[in-house]
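The block underneath contains the structure these notes are about, expressed in structure tokens.
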Amino acid sequence: MVAVAPVIDVRVQAEDFDVGAEMAGLERLGGGAVGSFTGIVRGGAGLTALVLEHHPAMTHKALTRMAEDACGRWPLLGVTLIHRYGALVPGARIVFVGTASAHRAAALDATMFLIDWLKTRAPFWKQERFADGRTAWVEARSADDTAAKRWDADKGDVMDG
Amino acid sequence: MVAVAPVIDVRVQAEDFDVGAEMAGLERLGGGAVGSFTGIVRGGAGLTALVLEHHPAMTHKALTRMAEDACGRWPLLGVTLIHRYGALVPGARIVFVGTASAHRAAALDATMFLIDWLKTRAPFWKQERFADGRTAWVEARSADDTAAKRWDADKGDVMDG
Amino acid sequence: MAIEMLYFAWVREKVGVGAERIDPPATVRTVADLIAWLAARSPGHAAAFAEPDRIRAAIDDRFVGVTAVIGDAREIALFPPVTGG
Amino acid sequence: MAIEMLYFAWVREKVGVGAERIDPPATVRTVADLIAWLAARSPGHAAAFAEPDRIRAAIDDRFVGVTAVIGDAREIALFPPVTGG
């Protein structure tokens, strides 16, 4: 067996994605264990859309660095990160994290790590739009910072976005 | 908002399943966070098939109890557990764990819990079949027991299968 | 009282059947007693139950330890540690 | 030397533009200096940068702290804490 570089697939896009197809791609890497997280716009309180703005020049690079970082921490065969931008209605997918590994804990821990980091280190901003015309920028949550900091033990050089 | 009982969907079947469709069902529960784990037959060393035997009268009940236990531990909106039996070739899906929640950590922790418990508490046995005609029953791994025992802290009445 | 025995994986292979009906004497109180009693039934049973530490059990579709009392169990399954997932 | 400024989310809304070219004096050494200097450019800038603690920054597409030295940065982005994922 030859060690193969992990397959990193990062996409920042307005359009939706096919979760089944993404999972199938990770399954084909042969590790035996595929983990995933999908984030979806939650409705309620008159929300009509979540509008995601991002820093286009930076986003793809930032997500790629996160995926590479995950591959340095866990024995992964593949990482797929997809993050949408633009106006997304309740029920729409926002983000997908998928990982493939020979080890189930590696796949799921890396998935958790990546979604924690996406919440706190990816240059995206969410604005809520409501039926009555109001808009509100989503505030960063300290709980997200706390979750992300769990992964910092061995890293001294990272910054919160 | 009315509290709704979690949607538990347990299937023990010979046939394959559609990961995208399973994920879509969990997405529609509206929690915003969907976690998943898929286990796939790993090839190599001349393996031609993994044959999964189970205790038919017991399996569905055992998996349902696990899903209910997960719902007692985390605020889940839905749990889908699918476990196949019969002869599965390398690359074939064996097992799917999917969870929906309003909290990403709940979704992913419950996914990890369920796959750890499926490994150690679901009445399945795997036999490897090789190209040269050999067969070998897969031995239970103490690492799996250790992983499962992490979740025992607050439970005194469980048994290893 | 008759008990329906179920065997799985290499326990089934060594015993030679997946199910059988047995009627153990009253001295067989626990699952551990039952395993010892079964081992004397045939060379296949002896091979299956040569290492009782490697045997797990379920009574009426619930996992139990080998110290569990059989009581009025209708169905008892014996098998190796599970390897699903 | 001219720097391309990028603004995102409510920083962009308050400033009133998503990008502008600026040429700060040499006394503006760090990102914190820059934020203070920008706040004097217009009422919109003043509103955007009224609470410097709420501002995050990236220089040439890398996140930096506000004590980071601007140096020969070509592009600096200022924005609220991120809320992706």
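In this text, all values refer to a predicted model and were calculated from it rather than measured experimentally. Basis for what follows: all heavy atoms, side chains included, without hydrogens, waters or symmetry-related copies. Throughout, protein chains are lettered first and strands after them, A, B, ... in sequence-line order, and every chain is numbered starting at 1.
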Can you measure from OG1 (Thr38(B)) to CD (Glu27(A)) and round to the nearest 0.5 angstrom?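 It is 5.5 Å, given to the nearest 0.5 Å.
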
How long is the straight-line distance from CE of Met23(B) back to CG of Asp18(A), given to the nearest 0.5 Å? 11.0 Å

Option in Gly44(B), Ala24(B), Ala33(B) with maximal non-hydrogen atom pairs under 4.5 Å from chain A: Ala33(B)

Would you say Arg129(B) has more than 12 foreign heavy atoms packed within less than 6.0 Å of its CZ?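 Atom CZ in Arg129(B) is not crowded, with 12 or fewer foreign heavy atoms closer than 6.0 Å.
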
Atom CZ of Arg65(A) with >12 non-hydrogen neighbours under 6.0 angstrom: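 Yes - once you tally the heavy atoms of other residues, nucleotides and ligands closer than 6.0 Å, there are more than 12.
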
Where on Arg28(B) is there a heavy atom nearer than 4.5 Å to chain A: the side chain, the backbone, both, or neither?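 For Arg28(B), there is no contact with chain A at all, as no heavy atom is under 4.5 Å.
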
Given that the side chain runs from C-beta out, which part of Asp116(B) has a heavy atom under 4.5 Å from chain A: side chain, backbone, both or neither? both

What residue, out of [options], has the most heavy-atom pairs lying under 4.5 Å from chain B?
options	value
Gly43(A), Pro90(A), Ala21(A), Ala102(A)	Ala102(A)
Ala107(A), Gly31(A), Gly39(A), Gly35(A)	Gly31(A)
Thr99(A), Ile40(A), Ile94(A)	Ile40(A)

Please evaluate residues Ile115(B) and Leu108(A) with respect to the criterion side-chain contact (heavy atoms from CB on, under 4.5 Å), reporting the C-alpha separation (whole Å), side-chain torsions for both, the decisive distance (0.1 Å), and the verdict. CA-CA 10 Å; Ile115(B) 187 66; Leu108(A) 286 170; 4.1 Å; yes

Which heavy atom in Ala105(A) sits nearest to a heavy atom in Met112(B), and how many Å separate them? CA-CE, 3.7 Å

Can you give me the closest heavy-atom contact between Arg104(B) and Ala147(A), atom names plus distance? NH2-CB, 3.8 Å

